Enquirer: 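I'd like to ask you about the structure that follows.
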Amino acid sequence: MLEITILRENPEMVIERLAIKNIDARATVKNILDVDVKRRETQKMLDDNLAESNNIAREIGNLFKQGKQADANALKSRTAELKAMAKELSDQLEQLQNEQNELLISLPNMPNVNTPKGKSAEDNKIIATEGNIPDLGDKFLPHWELTQKYDIIDFELGVKLTGAGFPVYKGKGARLQRALINFFLQEAINAGYLEIQPPLMVNEASGYGTGQLPDKEGQMYHVTEDKFYLIPTAEVPVTNIYRDLIVKQEDFPIKNVAYSQCFRREAGSYGKDVRGLNRLHQFDKVEIVQIQHPDKSYATLEEMREYVAALLRKLELPFRVLHLCGGDMSFTSAWTYDFEVYSAAQKRWLEVSSVSNFESFQANRMKLRFKDANGKTQLAHTLNGSALALPRIVAALLENNQTAEGIKIPKALVAYTGFEIID
RNA sequence: GGAAAGAUGGCCGAGUGGUCGAAGGCGCACGCCUGGAAAGUGUGUAUACGCCAAAAGCGUAUCAUGGGUUCGAAUCCCAUUCUUUCCGCCA
């Protein structure tokens with residue numbers, strides 16, 4: 001959530017920036033500031049009231065010690081009055097705080113000023129395109145047929161065991177998964193990331209910390225008996241490691257990488273988007289997370305962008321990088337790059353990674369802070385990105401590398417798969 | 001699943017109704033000491049919100065969470081959550 005101090009000091013700037021995300025925040029911002037004034041007035045009254053009560057209590061204590069029972073009892077009547085008032089004021093204060101908090105939570109993060117203007121995915125700015133799109137001739141299959149042909153991923157069997165969107169990987173299909181996970185983890189470790197193996201279920205507090213709760217709970221699988229949620233991404237447990245922490249400035253940048261299975265209900269999805277590996281309820285992903293000093297977060301974003309690009313180059317996949325426009329950015333992001341690989345058989349671009357700088361938006365909600373050079377605590381910046389999500393990478397690898405002999409495995413992966421071709 | 005114990009600051013740990021935001025220790029920071037270090041020694045060391053132009057300062061809240069008793073609660077009462085240990089089960 002946005003910092004209240006920024007809203008107080010520069011409401012116009014906030015309104016202007018949010019307009020880039022096509023949001024008219026004028027009314028909400030005014031509302032927040034009005035509530036803020038009332039909230040502070042109420043707190044002042046309550047604090048004064050409590051201060052008086054505390055003083056009287058102290059005085060009564062002294063009087064009792066001196067044996068002046070009568071004087072002490074005389075003071076008690078005033079405290080009853082104060083107590084009634086305090087109760088009322090603290091109820092009011094709580095209500096105002098809740099009101100302000102709800103309003104603040106309803107505002108998305110401010111996009112960076114350099115964010116492209118636009119309404120939808122059409123308006124995203126393509127900032128790089130790399131690699132060669134293979135010419136498959138006229139005999140080629142989409143991945144959902146290739147997986148059947150080579151018997152490496154069984155969607156039907158997954159339906160039998162669980163339901164749609166829970167495929168079963170078999171033989172070289174399973175080994176390819178394992179190879180990709182190991183490859184992605186090892187690359188990250190080489191780049192200085194600390195590997196984390198997080199729980200796949202989290203409690204409610206963690207869900208709130210990264211913003212899945214209370215709004216997006218429909219997107220998560222819920223273990224009602226124990227009030228746990230299956231994680232939709234490793235970002236949730238990994239980022240929550242730093243919830244309510246004040247880290248040391250020398251620790252920056254904090255770099256974590258985590259492989260996890262991810263579980264998403266994907267309520268409301270349908271059609272060609274969900275065919276085969278394009279959208280699953282359970283999938284594998286390696287996620288990179290960085291926590292950085294505010295002055296350096298944008299340099300870090302570029303570093304992460306370059307890191308993901310390098311992975312795709314090693315996999316020899318044609319890809320492009322998009323700078324998302326205001327209308328297509330997520331609620332929490334200030335700047336997002338999307339990576340898309342070209343799927344030659346489906347003849348379309350598939351999103352495989354999203355690398356974002358959240359600035360202090362997540363950190364504010366989670367109270368993730370650090371002590372700066374002057375000893376003042378301030379919010380850290382958080383960034384994350386997929387590096388990478390497996391299913392669409394697999395789809396593109398299968399489709400783009402299909403040959404008459406079989407599916408060729410890119411050289412960089414062979415050390416991990418132990419085979420060069422799926423046939 | 002059954003039984004018991006427990007939850008206090010970055011960590012350990014004292015504290016059973018007032019002078020407790022909380023002894024003591026560790027850690028950390030800065031200084032002294034030292035040729036340099038260790039040891040020793042001195043000082044400091046929570047967070048949030050509010051008041052104030054700001055700093056200083058002041059006020060309020062926080063001893064798992066929520067409620068209650070009381071003029072006054074870390075301390076007493078109730079509920080909840082979590083943790084540990086033992087038994088059972090188990091990869």
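All values derive from a computational prediction rather than experimental measurement. Numbered from 1 within each chain, the chains take letters A, B, ... in sequence-line order. Side-chain atoms are counted along with the backbone in the values below, which use heavy atoms only and exclude waters and symmetry mates.
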Enquirer: Identify which one of A:V341, A:L317, A:I407 satisfies the side chain to side chain contact (heavy atoms under 4.5 Å, CB included) criterion when paired with A:L397.
Expert: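 Testing A:L397 for a side chain to side chain contact (heavy atoms under 4.5 Å, CB included) against A:V341, A:L317, A:I407 leaves exactly one candidate, A:L317.
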Enquirer: In residues 206-213 of chain A, what donor-acceptor pairs under 3.5 Å come from side-chain atoms, sequence neighbours left out?
Expert:
| from | atom 1 | to | atom 2 | distance (Å) |
| --- | --- | --- | --- | --- |
| A:S206 | OG | A:N203 | OD1 | 3.1 |
| A:S206 | OG | A:R243 | NH2 | 3.0 |
| A:T210 | OG1 | A:S206 | O | 3.1 |
| A:T210 | OG1 | A:Q212 | OE1 | 2.9 |
| A:T210 | OG1 | A:N240 | ND2 | 3.4 |

Enquirer: Name the nucleic acid region contacted by A:S53, choosing base, sugar-phosphate or nothing; use a 4.0 angstrom heavy-atom cut-off, strictly under.
Expert: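 No contact.
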Enquirer: Of A:E94 and A:K371, whose nearest nucleotide on RNA chain B comes first from the 5' end?
Expert: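 The residue whose closest nucleotide sits nearer the 5' end is A:K371.
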Enquirer: Could you work out the separation of B:U75 and B:A22 based on their C1' atoms and round it to a whole Å?
Expert: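 Looking at atom C1' only, B:U75 and B:A22 are 12 Å apart.
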Enquirer: Suppose you measure atom C1' in B:G2 against the same atom in B:C71; what distance do you get, rounded to whole Å?
Expert: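 46 Å, rounded to whole Å.
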Enquirer: Using a cut-off of 4.0 Å on non-hydrogen atoms, how would the nucleic acid contact of A:N62 be classed: base, sugar-phosphate, or nothing?
Expert: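 Nothing: the residue A:N62, judged by heavy atoms under 4.0 Å, touches no strand.
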Enquirer: Taking any heavy-atom pair under 4.0 Å as a contact, classify A:L46: base, sugar-phosphate, or nothing.
Expert: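 Touches nothing.
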Enquirer: Should A:R265 and A:Q219 be marked as a side-chain hydrogen bond (donor to acceptor under 3.5 Å, both in side chains) after you check the CA-CA gap, both sets of side-chain angles, and the distance that decides it?
Expert: CA-CA 5 Å; A:R265 294 187 64 229; A:Q219 287 297 321; over 6 Å; no
Enquirer: Using a 4.0 Å heavy-atom cut-off, does A:K227 contact any base of the nucleic acid, only the sugar-phosphate backbone, or nothing at all?
Expert: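 Nothing, no heavy atom under 4.0 Å.
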Enquirer: How far does the P atom of B:G6 sit from the matching atom of B:U69, given to the nearest Å?
Expert: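 Roughly 27 Å separates the two P atoms.
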Enquirer: Among B:G72, B:C49, B:U47, which is the nearest nucleotide to the side chain of A:K83?
Expert: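 The closest nucleotide is B:G72.
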Enquirer: A:R78 near the nucleic acid: base, sugar-phosphate alone, or nothing, with a heavy-atom cut-off under 4.0 Å?
Expert: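 The answer is nothing, as A:R78 stays clear of every strand by at least 4.0 Å.
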Enquirer: Using purine N1 to pyrimidine N3 plus N6-O4 or O6-N4 for Watson-Crick, or N1-O2 and O6-N3 for G-U wobble, both under 3.5 Å, which nucleotide pairs with B:A29?
Expert: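 By the stated definition (distances under 3.5 Å), B:U43 pairs with B:A29.
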Enquirer: Indicate whether OP1 or OP2 belonging to B:A46 is found under 4.0 Å from a side-chain N or O atom of A:K367.
Expert: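 Checking A:K367 against B:A46: no side-chain N or O falls below 4.0 Å of OP1 or OP2.
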Enquirer: Identify every side-chain donor-acceptor pair in residues 305-312 of chain A under 3.5 Å, counting partners at least two apart or on other chains, and give the distances.
Expert:
| from | atom 1 | to | atom 2 | distance (Å) |
| --- | --- | --- | --- | --- |
| A:R305 | NH1 | A:E302 | OE1 | 2.9 |
| A:E306 | OE2 | A:R313 | NH1 | 3.0 |
| A:Y307 | OH | A:A188 | N | 2.9 |

